[in-house]
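Every chain is numbered from 1 and lettered A, B, ... according to where its sequence line falls, protein lines coming before strand lines.
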Amino acid sequence: MPTEFQAALLDWYRAEARDLPWRLNPDPYPVWISEIMLQQTTVAAILPAWERWMRRFPTVDSLAEAPEQAVLEMWQGLGYYRRARLLHAAAKAVAESGFPDSVEGWQRLPGIGRYTSAAIASISQGILAPLVDGNVVRVFARLHARPEPANRLEPEAWDWTASVMESGDPGAWNQALMELGATVCTPANPRCLFCPVQAWCQALRQGVQAECPGPKEKPAFVTIGHEIAVPLEDGRVALRPAGPDEWWNGLWVLPWTQVEPPERPDLRFTVTRHRISARITVGSDAPDGTQLHPLEALPPMPAPHLRALRIALSRS
DNA sequence: AATTCGGGGGT
DNA sequence: ACCCCAGAATT
């Protein structure tokens, strides 16, 4: 029998849940793909990628058999490309031994940690597994009027979700908590008037929603410069594969070197804690270690280098 | 416990 | 412009 709090949130979820495509048929494989894509990535950003992916790799076997290059190609634009390589490795393991049937089993697969194992197990297999993500930490912080930064609250949030876990439909309960954080209990301008659990919210009672949780303390940004070459040769561009200890490992990049930040950059972008100001130089000779690729059939490339290429083309 | 992995959407 | 996102692996 659900508590009043649980019933209030679940009723709201059943009435208001967004109809996301992986919710139509919550089998392990489609849910797994959605959860890996959703790691540090918003729902809006992954929607087209998920549809594309499911058409290209409709089953775990089709994914396991695909060449790595094709997998990375389907991941383009999502970032954190390591996720794609780990997912590919995990798919090979599952094609061999079948889907796990426990949280521990899921967590043994590459790319699946504490959160993702609980999410897949509860949503696609009905396993009673509490979880915490960025949304749930925020909901916890607001309900209990906790002003600490989210990363400090995370351990307590895990205790809390375990204590309020609803056993009737674990997948719906976990998604209800996250859906609340994603659509109502948002980082900025929470819609408290429409919140199904406002009666239980200490932050609302005290009027401190905006202060809970506190701002995440982040390391200072480092500003660096890149010199990016765009070697063009009759409709082709010279690219080299990014090495294992390099940014964008596994993708093809334009020849680039780190330099002092230029006075007047052609392009700015951010990679984790680095703010990069880049100069773009258009050339005609292909440096060593590069390979010419036709512009109409480019291999997987990081988004900033695609932008650099477009800028170079618009100039020439 | 800290750091390192991108890119995009929302505000 | 800035924030932060359905985190995991590595050190």
**Options B:dT11, C:dC5, B:dG9, nucleotide nearest the side-chain atoms of A:Arg138** = C:dC5
**Message:** Can you confirm whether or not the ring centre of A:Trp247 sits under 6.0 Å from the ring centre of A:His226?
**Reply:** yes
**Message:** Nearest heavy atom decides the nucleotide; on that basis, is A:Ala188 or A:Arg83 closer to the 5' end of DNA chain B?
**Reply:** A:Arg83
**Message:** Would the base of B:dG6 count as contacting A:Thr41 through its side chain, where contact means a donor and an acceptor less than 3.5 Å apart?
**Reply:** yes
**Prompt:** Looking at the side chain of A:Tyr81, which of B:dC5, B:dG7, B:dG9 is the nearest nucleotide?
**Reply:** B:dG7
**Item:** Any strand: nucleotide that pairs with B:dG6 via Watson-Crick or wobble, under 3.5 Å
**Value:** none
**Fill in**
All heavy atoms of A:Arg146 vs all of A:Leu153, minimum pair found to be NH2-CD2, 3.6 Å
**Prompt:** Over how many whole Å does the gap from A:Asn189 atom CG to C:dC2 atom P extend?
**Reply:** 19 Å
**Item:** A:Arg52, CZ: over 12 other non-hydrogen atoms inside 6.0 angstrom
**Value:** yes
**Asked** Under 4.0 angstrom, heavy atoms only, what part of the nucleic acid is A:Leu86 near: base, sugar-phosphate, or nothing?
**Response** sugar-phosphate
**Complete:** note: A:Ile46, atom CD1; C:dG7, atom P; distance rounded to Å ~ 11 Å
**Request:** Indicate, with a heavy-atom threshold strictly under 4.0 Å, whether A:Ile276 touches base, sugar-phosphate, or nothing.
**Result:** nothing
**Request:** Assess A:Arg83 against A:Tyr80: is NZ or CZ under 6.0 Å from the centre of the six-membered ring, and within 45 degrees of the ring's axis?
**Result:** no
**Request:** Look at all strands and tell whether A:Arg307 reaches a base, only sugar-phosphate, or nothing, counting heavy atoms closer than 4.0 Å.
**Result:** nothing
**Request:** Determine: side-chain N/O of A:Gln40 to OP1/OP2 of C:dG7, distance under 4.0 Å, yes or no.
**Result:** yes
**Asked** Contact class for A:Asn174 (heavy atom, under 4.0 Å): base, sugar-phosphate, or nothing?
**Response** nothing
**Prompt:** A:Glu179 side chain: which of C:dA6, C:dC4, B:dC5 is closest?
**Reply:** C:dA6
**Fill in**
Side-chain atoms of A:Ala45 come closest, of C:dA6, B:dG9, B:dG7, to B:dG9
**Asked** Between A:Arg114 and A:Glu154, is there a side-chain N and carboxylate O pair less than 4.0 Å apart?
**Response** no
**Fill in**
Among the nucleotides B:dG6, C:dA6, B:dG7, whichever has the atom closest to the side chain of A:Met178 is C:dA6
**Asked** Between A:Val43 and A:Gln107, who's closer to the 5' end of DNA chain C by nearest nucleotide?
**Response** A:Val43
**Message:** Distance check, rounded to the nearest 0.5 Å: A:Ile120 atom CD1 versus A:Ile36 atom CD1?
**Reply:** 5.5 Å
**Message:** Looking at A:Trp247, I'd like to know whether one of its side-chain N or O atoms comes within less than 4.0 Å of OP1 or OP2 on B:dG6.
**Reply:** no
**Request:** Report which part of the nucleic acid A:Arg191 touches: base, sugar-phosphate, or nothing (heavy-atom distance under 4.0 Å, all strands).
**Result:** nothing
**Item:** Separation of C:dC5 P from A:Leu47 CG (nearest whole Å)
**Value:** 18 Å
**Prompt:** Between A:Trp106 (CH2) and C:dA8 (C1'), how many Å, whole number?
**Reply:** 16 Å
**Message:** Heavy atoms only, 4.0 Å cut-off, all strands: where does A:Arg108 land among base, sugar-phosphate and nothing?
**Reply:** nothing
**Item:** Same-atom distance (P) from B:dG6 to C:dT11, integer angstrom
**Value:** 15 Å
**Prompt:** Reckon A:Pro304 touches a base, only the sugar-phosphate, or nothing at all at heavy-atom distances under 4.0 Å?
**Reply:** sugar-phosphate
**Request:** Grab the CZ-P distance between A:Arg85 and C:dT10 for me, whole Å please.
**Result:** 11 Å
**Request:** Could you state the atom-to-atom distance from CG of A:Leu78 to P of B:dG9 in whole Å?
**Result:** 10 Å
**Prompt:** Counting side-chain heavy atoms from CB outward, which of C:dC5, C:dA9, C:dA6 is closest to A:Pro187?
**Reply:** C:dC5
**Request:** Could you tell me whether A:Ala119 contacts a base, only the sugar-phosphate backbone, or nothing, with contacts defined as non-hydrogen atoms closer than 4.0 Å?
**Result:** nothing
**Request:** Between C:dA6 and B:dT3, how far apart are the C1' atoms? Round to whole Å, please.
**Result:** 22 Å
**Prompt:** With no hydrogens and no angle check, is any side-chain donor or acceptor of A:Gln209 less than 3.5 Å from a backbone partner on A:Arg142?
**Reply:** no
**Complete:** Atom OH of A:Tyr115 and atom P of C:dA6 are separated, to the nearest Å, by 9 Å
**Message:** From C-beta outward on A:Ala44, which listed nucleotide comes closest to its side chain: B:dG10, B:dG6, C:dA6?
**Reply:** B:dG10
**Prompt:** How close or far is atom P of B:dG7 from atom CH2 of A:Trp75, stated in whole angstroms?
**Reply:** 13 Å
**Prompt:** How would you label the contact of A:Ile36 with the nucleic acid (heavy atoms, under 4.0 Å): base, sugar-phosphate, or nothing?
**Reply:** nothing
**Message:** Given C:dC5, B:dG7, C:dA9, identify the nucleotide with an atom nearest to the side chain of A:Trp248.
**Reply:** B:dG7
